[in-house]
2 protein chains.
Amino acid sequence: MTIYDIAREAGVAASTVSRVINNKPGIKAETRKKVQDLLDKYNYTPDVAARGLVMQSTKMVGILIVDIRVTHHINSAFVIEQELTKRGYCSIIMSTGPEGENKSEYIRILEQRRVEGVILMGSMFATEQIKEAIQRHLSKVPVVIVNGYLDLPNVSGVLIDEDAGVGKCADLLISKGKKKLAFVLDQPSPANLRKQQGFCDAVLRHGASREDLLLYEAEESSVQGGYDVTVRILREHPDVQGIIYSIDLVAVGGIRAAHDLGVNVPEQLGIIGVDSSIYGEICMPKLTTLNNKLEEVSEIAATILREGLEGKVQNRKLMMFSEIIERESS
Amino acid sequence: MTIYDIAREAGVAASTVSRVINNKPGIKAETRKKVQDLLDKYNYTPDVAARGLVMQSTKMVGILIVDIRVTHHINSAFVIEQELTKRGYCSIIMSTGPEGENKSEYIRILEQRRVEGVILMGSMFATEQIKEAIQRHLSKVPVVIVNGYLDLPNVSGVLIDEDAGVGKCADLLISKGKKKLAFVLDQPSPANLRKQQGFCDAVLRHGASREDLLLYEAEESSVQGGYDVTVRILREHPDVQGIIYSIDLVAVGGIRAAHDLGVNVPEQLGIIGVDSSIYGEICMPKLTTLNNKLEEVSEIAATILREGLEGKVQNRKLMMFSEIIERESS
DNA sequence: CTGTTAGCGCATTCAG
DNA sequence: CTGAATGCGCTAACAG
């Protein structure tokens with residue numbers, strides 16, 4: 001069913017049907033009704049792609065996420081999707097996987113779809129490779145990176161001071177008398193490395209030497225990964241009194257490991273995660289965590305993208321400040 | 001940059017460029033190279049919408065989810081998205097919210113986008129209202145409902161025997177000597193009501209009378225909702241020995257409530273959830289849960305959709321069988 | 001082997 | 001107030 005089909009049956013021209021559909025003025029009420037009735041009768045809906053072709057506007061945006069199953073990323077995507085849907089945009093949400101080449105490939109897919117704006121979810125997108133892909137394929141549309149930044153005229157970034165935040169977490173543990181601390185990375189993303197740096201800075205500031213820096217990496221970003229690495233830490237350094245994990249999911253594995261090993265949390269071992277995720281509320285004891293304000297960050301990202309879609313200035317760089325949520329594990 | 005721009009610079013016709021792009025045979029190697037070089041030089045990528053217009057194929061599918069933040073739904077969507085992306089399709093993943101009218105509206109949006117297939121995630125889409133919307137707007141494309149079914153020629157459904165599964169959960173608790181059982185619903189979706197029915201059937205089968213049926217509903221589908229309703233159950237019926245929850249997320253709230261009330265799990269109170277979600281592995285004790293095979297179900301749904309996209313038979317109805325994963329809470 | 005032509009479904013001139 | 005003509009970017013049928 002096209003406007004031509006409707007036009008023929010109504011005995012008018014296609015342009016008249018188009019005008020009715022788009023509520024343009026200057027149509028006799030009688031004609032309008034006749035056409036509208038037909039439109040209703042056939043449940044006609046315009047082909048937005050065809051419309052987009054002539055309007056030069058697809059009303060589509062892309063949201064790239066390394067893995068949509070990661071809770072905090074999909075939560076952020078939700079916020080952005082809702083905002084954009086409200087404004088008539090359609091979101092293409094895709095899982096790119098961790099490999100850089102794939103991520104570039106997805107950027108190409110978005111270009112092919114002629115999206116009008118892009119959200120890149122997570123610091124994993126703040127790489128040189130992506131920067132090149134954006135220059136090559138998406139230099140004309142606003143791009144907003146959540147928790148990352150690339151210096152390109154059409155790219156904006158909303159950052160989070162997770163490094164300072166993790167530093168505050170270390171301060172907190174130390175203030176509770178925990179002398180020897182360790183840091184666990186789930187994966188070496190730019191954001192996680194920043195957190196690790198924040199940890200190192202804080203520990204060194206408290207008078208530790210470089211050799212005292214206990215830095216670990218989990219085998220996988222999961223509960224099990226956190227469990228395993230914690231068992232290892234506690235075996236290699238039984239005197240560790242506090243562990244900070246790059247994300248909650250891994251931290252809750254640590255809590256369970258401590259439990260199984262008969263180590264009391266928080267008395268013998270303080271544990272802190274990052275994300276203020278639901279996982280931290282489920283485990284026992286409840287997890288102290290760094291709230292990195294992902295929802296607020298997402299709202300800001302959505303706003304910046306919206307402004308970009310409206311043609312306002314791009315290349316903005318904002319910073320959100322994280323806060324510790326103290327619960328039972330510290 | 002369009003094929004005409006390339007064609008002009010290469011001194012050939014647009015159709016030749018098109019042939020090069022699509023790897024059609026019958027082009028002199030020399031010409032092909034000349035065009036390809038230009039294509040590369042300008043990083044040309046075809047506009048898939050324009051192509052779709054003439055090919056009558058958008059290569060897009062829609063995945064409708066009530067709320068993409070719900071872990072098991074987005075996990076399912078992930079499986080389907082991966083499969084479809086591999087085949088060159090682009091997924092429009094949208095959160096519809098729970099209201100029926102909105103859901104119909106989203107179906108209209110998908111029609112406007114001329115998607116070639118649709119996944120409806122969750123039993124919440126198996127309603128008369130959606131059925132009408134599908135008839136009106138999506139009667140020409142394959143639709144697959146995950147954990148639900150509607151009797152329409154273009155609709156398929158993959159069901160899960162969660163009712164029988166929950167019945168087996170009740171059997172398990174009873175076999176452990178738990179006489180008095182309660183069931184908690186997080187929301188009255190068709191699937192959840194089926195679970196409740198399975199619970200009732202099982203309990204009655206074991207000789208209980210209708211008055212013994214303890215059916216509760218959580219205020220909200222969350223940890224807190226599970227916590228609150230469990231406190232209420234334990235207050236109103238201190239002799240309850242087992243509770244089955246419609247989903248894990250709510251069950252872990254129950255585990256915490258029991259802990260705070262000084263009720264031992266599983267000795268005094270057996271607790272079972274549904275979903276085999278990560279939540280159940282995080283809480284303490286670990287949650288016994290009904291594995292409703294969401295991943296397998298999603299894979300099947302993806303397969304059916306793929307076959308539908310290839311023009312194969314639709315209106316299929318399959319059933320997956322759930323299995324109890326026994327952990328520590330039962 | 002390649003160019004010309006037509007048309008996908010729509011919005012938008014410009015006439016009338 | 002309405003219709004005819006044009007073009008968005010692309011592919012395909014048909015000539016040559």
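Naming convention: chains lettered A, B, ... in sequence-line order (proteins, then strands); numbering from 1 in each chain. Just the heavy atoms: all of them, side chains too, but no hydrogens, waters or symmetry mates, feed the values below.
Counting heavy atoms from C-beta on, the side chains of A:Ile63 and B:Ile93 never come closer than 4.5 Å.
Heavy-atom contacts of chain B under 4.0 Å fall on DNA chain D between two terminal nucleotides, which in 5' to 3' order are D:dG9 to D:dA13.
Shown here are the salt bridge (charged side-chain N to carboxylate O under 4.0 Å, His left out) partners of A:Arg87, two or more places apart in sequence or in another chain: A:Glu83. Residues that satisfy the side chain to side chain contact (heavy atoms under 4.5 Å, CB included) test with A:Asp40, not counting sequence neighbours, are A:Gln36. B:Ser57 pairs by the side chain to side chain donor-acceptor pair (under 3.5 Å) definition with B:Glu116, not counting sequence neighbours. Applying the salt bridge (charged side-chain N to carboxylate O under 4.0 Å, His left out) criterion to A:Glu105, with sequence neighbours excluded, gives A:Arg108.
Sorted by residue number, the members of residues 27-43 of chain A with any non-hydrogen atom under 4.0 Å from DNA chain D read A:Ile27, A:Lys28, A:Thr31.
Taking the nucleotide of DNA chain C with the nearest heavy atom to each of A:Tyr44 and B:Tyr4, the more 5' of the two is matched to B:Tyr4. Along DNA chain D, the nucleotide closest to A:Ala13 and the one closest to A:Leu53 are compared, and the more 5′ of them pairs with A:Ala13.
Nearest heavy-atom pair across A:Ser298 and A:Ile80 is O-CG1, 3.6 Å.
Evaluation of the salt bridge (Lys or Arg N to Asp or Glu O under 4.0 Å) test over residues 7-18 of chain A, restricted to residues two or more places apart or in two chains, returns A:Asp5-A:Arg8, A:Glu9-A:Lys41. Among residue pairs with one or both ends in residues 61-81 of chain B, those qualifying as salt bridge (Lys or Arg N to Asp or Glu O under 4.0 Å) are B:Asp67-B:Arg69; sequence neighbours excluded.
Within the model, atoms CZ of A:Arg306 and CD of A:Glu299 stand 11.0 Å from one another, a figure rounded to the nearest 0.5 Å.
What separates CD1 of A:Ile3 from P of C:dG7 is a distance of 16 Å, to the nearest Å. When the P atom of C:dG9 is taken as reference, atom CZ of B:Arg114 falls 9 Å away, rounded to whole Å. As a whole-Å value, the separation of A:Ile21 CD1 from C:dC10 P is 7 Å. Atom CG of A:Asp47 and atom C1' of C:dC8 are 9 Å apart (whole Å). In this structure, the CZ atom of A:Arg8 is 11 Å from the P atom of C:dG9, given to the nearest Å. Atoms CZ (B:Arg113) and C1' (C:dG9) sit 15 Å apart, rounded to a whole Å.
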Short N/O separations, protein against nucleotides 12-16 of chain C, under 3.5 angstrom:
unit_1, atom_1, unit_2, atom_2, d
C:dT12, OP2, A:Lys24, NZ, 3.2

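Contact check, A:Arg51 against C:dA11: a side-chain N or O comes under 4.0 Å of OP1 or OP2.
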Name each donor-acceptor pair under 3.5 Å that joins a side chain in residues 143-155 of chain B to protein atoms two or more places apart or in another chain, with its distance.
unit_1, atom_1, unit_2, atom_2, d
B:Asn147, OD1, B:Arg194, NH2, 3.2
B:Asn147, ND2, B:Glu162, OE1, 3.4
B:Tyr149, OH, B:Asp151, OD1, 3.4
B:Tyr149, OH, B:Asn315, ND2, 3.1
B:Asn154, ND2, B:Leu138, O, 2.7
B:Asn154, ND2, B:Val141, O, 2.8

Could you pull out every donor-acceptor pair under 3.5 Å between side chains of residues 120-136 of chain A and any protein atom, sequence neighbours left out?
unit_1, atom_1, unit_2, atom_2, d
A:Ser123, OG, A:Ala191, N, 3.0
A:Thr127, OG1, A:Ile130, N, 3.2

| note | Its dot-bracket string being built from Watson-Crick and G-U pairs below 3.5 Å, with | for another strand and [ ] for crossing, DNA chain C has the pattern ||||||||||||||||
| query | Between A:Ile74 and B:Thr71, is a side-chain contact (heavy atoms from CB on, under 4.5 Å) present by the stated rule, with each step listed? | reply | CA-CA 9 Å; A:Ile74 198 67; B:Thr71 311; over 6 Å; no
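Annotation: B:Glu310, atom CD; neighbour count of heavy atoms from other residues, nucleotides and ligands within 6.0 Å is above 12.
Remark: side-chain polar atoms of A:Ser95 are paired, donor with acceptor, to backbone N or O of A:Ile68 under 3.5 angstrom.
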